[in-house]
Structures are given as C-alpha cells and as structure tokens.
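Quick note: numbers below take in every heavy atom, side chains included, and nothing from hydrogens, waters or symmetry partners. All residue numbers in this chain count up from 1 along the given sequence.
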Amino acid sequence: MDISAIFSMQAEISLAIILIVILLADLILKAPNHKALQTLSCGLLIVQIVLNIVPTTAEAFGGMYQSTPMASVVKTILTTGTLLVFLQADTWLSRKDTRFKAGEFYLLTLSTLLGMYYMVSAGNFLLFYVGLELASIPMACLVAFDRFRHHSAEAGAKFILNAMFSSGLMLYGLSLIYGTCGTMYFDDIVTVISGTPLQIMAMVFFFAGLGFKLSLVPFHMWTPDTYQGAPTTVSAYLSVISKGAAAFALMSILLKVFAPMADSWELMLSIVVVLTITIANIFAILQKDLKRFMAYSSISQAGYIMLAVMGASAQGMASLVYYVVVYIVANLAVFGVINTIEQHNNGTVDRDAYNGLYKTNPKLSFVMTLALFSLAGIPPFAGFFSKFFVFASAFHGGHWLVVFLALVNTIISLYYYLLIVKAMYITPNDNPLPTFKSSALTRASLFICLLGVILLGICSTVYQMLSNTALM
C-alpha cells in the first residue's frame, strides 16, 4: 500500500496539525492563557475552512476512506459551527474555575470534530466505528468539564454509560454484518447483502447505536439530563455539530450499504420519526429549565432531519444538509443567548428569568425571537424552508402519512417555542434581568447566526448549490 494515499485526506491532516499546534501552545504559553488560545483556535479554524472550502473527491486505503463532494461540504459546515461555538465560549472560559482549562476544552472539542470527519468520509465500518468513538469519548470529558458545578459530573457519567452501551450494541450489529457478508467495505457489502433475518437484526443494532447519537426515541433518555448538567457551550456543541455528523453518516450508510433492504429500514424509520417528534414535543411543553427545553427541542428536530433520510435520494441528501446548516445557526443563536444570560445572572436558566427581558435587553430578545421562529418553521425565516424541503423529500418518497403527522406536530412545536417569546415580551416582571453587555466575540457569533437565520431563507442559491453537489 502506498503511504502517499494518506495525503488525499487533506481535511483530516490539516485538522490534526491544528490539534498539535494548540497542544504545543497550551504547553508553552503561561497560564491563564485562555484569551491567546481562543484567538489561536479561532484563527486556525478559519484557515481550516478556507483550505477545505472547495468540495473534492478523494479515496484512500482501498476505499476505506472515501470523501465525496457532499462530505467535504458537511465537514466545512461542521467546522464553521465549531468556530461559532468557540466564539460563544469566551465568557465561560474567562471564569476563574475554567480559564486554566481552556486548552483542554479546545483540544477535546477538536478531537471530537476529527472523529466526525472520519465518520462522514468512512467507506468501511471499521473506520466509521473508530471515528464514532473518537467523537464520543472526548465528548464525555466535555460534558463533565464543570465537574464541581451543577450536575456536570453526573451528566458526564450518564453520557459515557449510555455511549458505552450503544457502542456495544452497534459493534455487535457490525459483527453480524461481517459474519454474513465477509467484508466491512461499504461497496462490497451492498453487492452481497440480501436482507436475511440476521442482516435485518444487524441493521437494527447499527441503527440503535446511531439513534443514541441522534437522540431518537427510544434512545433519547440521556439527552435532557446531559444537556442540563453539561456546560451550556458544550450542550450547544452536542446539540448541533454531533447531531449533524451523525445524521449525514446515517443517511450515507443507509443509501450505500442497506439500499437492498430499503423496505425494512424505511418502515422502521417511519415509526421512529413519528414517535420522536411527538414525544419530544409533548415533553418540551412541560419544561421550565431552558436547557432541558432545548434538549427536547433537539430531539424533535432530529425527527425532522430523519424525514430527509426517508427521501432516500439526492434531493433527500441536499435537504438534510440544508436542514443541518439552518439548524446550526438557529440553535446556536438560542444557546448563545441562554449562555450569555446564564453567565451574567448567576447561572440562571429558568424560563421565568426571561420574563420582561425585552425591556432591559431588547437585542438579545430580538435574536432569541428570530431564532425560535426559525426553529418553529415560521416564514420567511430559514427554518420554514428547511422544513419544507425535508417534507417535500419525504413526500416524494411516498411517505405522505408521516409527513402529515410531522406537520401536525409542527403546530405543537410552534406553541412551546412561543412560550419563551411570550415570557420575553408579554409576561410582566417587577424585577427583570438588569441590562448588561455581552462580550464582543459572543456578539459576533450571535450576529453571524442571525444573518444565517435571515439570509439562508432568502438566498435560494444555497439549496441549489447543495442539490448540485449531491448529484456529483
């Protein structure tokens, strides 16, 4: 095997170099060095985006690694979302108890991002599993980062235990695939897989493992406790970046490997989608803690993302990636506001604390409102168009009943998103949160997210570009 094949993994190599540079900087710079590390990390991520912004096709190690143009686009999207998370981490990492651990935060986060790179470019189940574990294990450390505050250590324990069981279940499914097909390569499996009962069981076990990453019902129970206990910045990263990589990987593998078994997994996916959206919406209405609220919101959004997977076409792939882009900017805008208020109000994340927020902090209220409107799918914001495209994709795939039930659930989601808007603008409060000014980097990230929520809905060229890339 020619070792020069490794150089086709341009995105992974450049990200690994960034990891090494940040590690050395953390060792060399005198603590506390959080400001310098944040500047360095954000600058290097911008370089990473610029270097890999052009979609490319690459293959290495006999097809174990396969990077398609759409996979390249997804990597750029995930990197951009990570950059926004780093900008929002400014205030949190400036605290006395975290500013000495900034280097650990950046290294762990970028390690998970590298694992997601491998997941989306895997052409072999072995590389996919390595990427999944590389993305999951550092994430458990991030969830438990504030181990002396709130319930961060408990959340980390719940996350790693659930991740362990789901990984074991997936690994058992992969062993069944290897036992029945004699290979782990995607291109070889699809030619010999026939849908025997043992292979159906393997597919279900594999789906269960990724269902954990996506927080799909019934694999979602870890999500509210983890989001509530983890640092808000980590919850934001977990809700969008990790979910986006897992959704793309799931769709790619279902289309590449399990295409001959489409009837089986489409039925399974239909049931899971309806249960996920419905149960998440019902429980979201009952939440007062905004981080638990956003956890159930992310579960519901994962159900909508899976509608694109049911489309099982290039249109479905384009609508999935477009949905992920819109979801990243809208969800990070909401988490950015939650994080800002939490850092300036003694860790408060209760919805009642937002009563009358518009009177004292109108800009934050405005950003939160537009982001929530986008998540709810209200036109003309980007979330409306992302939902429309995934609905259209599933409808063209013949799943009209699932689309109808998802539309009914959209009305329910509109209600609970508007509860926060009502609290900020209508609910009276004799002692609203005082006026404060967030950090410059946080304002920059919220401004970028706000532009995304508005412009991604107006600029139809974004979806058209993704559609063209999906056909390449």
Side-chain angles (χ1 to χ4, degrees), residues 81 84-95 98 142-143 145-146 149-152 155 223-241 243 284 287-301 327-358 360-376 416-425 427 429 432-439 441-450 452-453:
L84 293 174
V85 170
F86 282 1
L87 293 175
Q88 293 183 2
D90 179 46
T91 306
W92 171 59
L93 291 177
S94 298
R95 287 187 342 211
T98 55
L142 287 171
V143 171
F145 205 80
D146 279 348
R149 280 176 169 253
H150 309 298
H151 305 287
S152 187
T223 312
D225 291 339
T226 300
Y227 280 34
Q228 182 182 23
T232 303
T233 302
V234 175
S235 298
Y237 181 80
L238 185 59
S239 70
V240 291
I241 311 303
K243 201 177 296 293
Q287 304 306 312
K288 287 281 191 177
D289 184 294
L290 282 191
K291 290 172 72 173
R292 293 184 69 87
F293 170 86
M294 290 305 297
Y296 283 108
S297 168
S298 73
I299 295 170
S300 174
Q301 297 292 338
Y327 177 60
I328 285 176
V329 293
N331 221 49
L332 285 183
V334 174
F335 270 107
V337 175
I338 294 174
N339 184 46
T340 301
I341 293 176
E342 180 186 15
Q343 299 302 326
H344 289 85
N345 196 45
N346 300 319
T348 299
V349 291
D350 193 86
R351 191 175 69 202
D352 291 339
Y354 288 69
N355 292 345
L357 181 66
Y358 178 75
T360 55
N361 294 277
K363 293 180 181 178
L364 286 178
S365 301
F366 180 70
V367 172
M368 179 73 115
T369 301
L370 295 193
L372 290 172
F373 281 175
S374 181
L375 289 174
Y416 64 72
Y417 285 126
L418 289 179
L419 287 176
I420 303 177
V421 178
K422 174 178 175 289
M424 293 187 297
Y425 289 89
T427 305
N429 190 354
L433 291 176
T435 303
F436 59 85
K437 189 175 183 180
S438 55
S439 68
L441 293 180
T442 300
R443 293 199 303 273
S445 70
L446 292 177
F447 179 72
I448 294 171
C449 291
L450 188 61
V453 166

Separation between OG (Ser235) and CD1 (Ile338), nearest 0.5 Å, reads 9.0 Å

- Dump the intermediate steps for side-chain hydrogen bond (donor to acceptor under 3.5 Å, both in side chains) on Tyr358 and Thr369, then the final yes or no. CA-CA 10 Å; Tyr358 178 75; Thr369 301; over 6 Å; no

Between Thr427 and Gly356, is there a donor-acceptor pair closer than 3.5 Å when you use the side chain of the first and the backbone of the second?
no

query: Are any non-hydrogen side-chain atoms of Gln287 and Leu419 less than 4.5 angstrom apart?
result: no

Applying salt bridge (Lys or Arg N to Asp or Glu O under 4.0 Å) to Arg443 and not counting sequence neighbours gives none

Q. Okay, side chain of Asn361, backbone of Leu364: is any donor-acceptor separation there less than 3.5 Å?
A. no

Problem set entry | Chi angles and distances behind the side chain to side chain contact (heavy atoms under 4.5 Å, CB included) call for Asp146, Trp92 | CA-CA 10 Å; Asp146 279 348; Trp92 171 59; 3.2 Å; yes

So, do Leu450 and Leu370 sit near enough that their side-chain heavy atoms are less than 4.5 Å apart? yes

Rounded to the nearest 0.5 Å, the CG atom of Leu87 sits from the OG1 atom of Thr233 at a distance of 11.0 Å

Closest non-hydrogen atoms of Ala236 and Ser239, given as atom of the first, atom of the second and distance, are O-OG, 2.8 Å

Heavy-atom closest pair (Leu332 atom, Gln88 atom, distance to 0.1 Å) is O-NE2, 2.9 Å

So CG of Leu418 and CE of Met424: to nearest 0.5 Å the spacing works out to 10.0 Å

### Query
Side chain of Tyr237, backbone of Phe86: donor and acceptor closer than 3.5 Å?
no

Review point. Stepwise, does the side chain to side chain contact (heavy atoms under 4.5 Å, CB included) test hold for Ile420 with Leu290?
Key: CA-CA 9 Å; Ile420 303 177; Leu290 282 191; 3.7 Å; yes

Heavy-atom closest pair (Ala423 atom, Arg351 atom, distance to 0.1 Å) is CB-O, 4.3 Å

Exercise. Check for a donor-acceptor pair, side chain of Thr226 on one end and backbone N or O of Thr223 on the other, with a separation under 3.5 Å.
Key: no

Heavy-atom closest pair (Val143 atom, Ser152 atom, distance to 0.1 Å) is O-OG, 2.6 Å

Step through the shown structure and confirm whether more than 12 heavy atoms of other residues, nucleotides or ligands are within 6.0 Å of OH on Tyr416. yes

Val453/Phe373 under side chain to side chain contact (heavy atoms under 4.5 Å, CB included): CA gap, chis, key distance, verdict:
CA-CA 9 Å; Val453 166; Phe373 281 175; over 6 Å; no

Here the gap from Thr360 atom OG1 to Leu357 atom CG, rounded to the nearest 0.5 Å, amounts to 5.0 Å

When rounded to the nearest 0.5 Å, the distance separating CG of Leu446 from NZ of Lys363 is 12.0 Å

Looking only at heavy atoms, the pair that brings Cys449 and Ala333 closest together is CB-CB, 3.7 Å

Do Tyr354 and Ser365 pass the side chain to side chain contact (heavy atoms under 4.5 Å, CB included) test, and can you show the C-alpha distance, the side-chain angles, and the key distance before you say yes or no?
CA-CA 9 Å; Tyr354 288 69; Ser365 301; over 6 Å; no

> Taking Lys291 for the side chain and Ala230 for the main chain, is one N or O donor matched with an acceptor at less than 3.5 Å?
Replying inline: yes

Exercise. Evaluate the side-chain proximity of Ile448 to Val329: yes if any heavy-atom separation is below 4.5 Å, no if none is.
Key: no

Heavy atoms of Leu142 and Pro231 approach each other most closely as O-CD, 3.7 Å

Worksheet item: Under the 3.5 angstrom rule, does the side chain of Thr232 hit a backbone N or O of Asn339 as a donor-acceptor pair?
Response: no

Distance col, row Ser297:OG vs Tyr327:OH, nearest 0.5 angstrom, shows 6.0 Å

Applying salt bridge (Lys or Arg N to Asp or Glu O under 4.0 Å) to Lys288 and not counting sequence neighbours gives Asp352

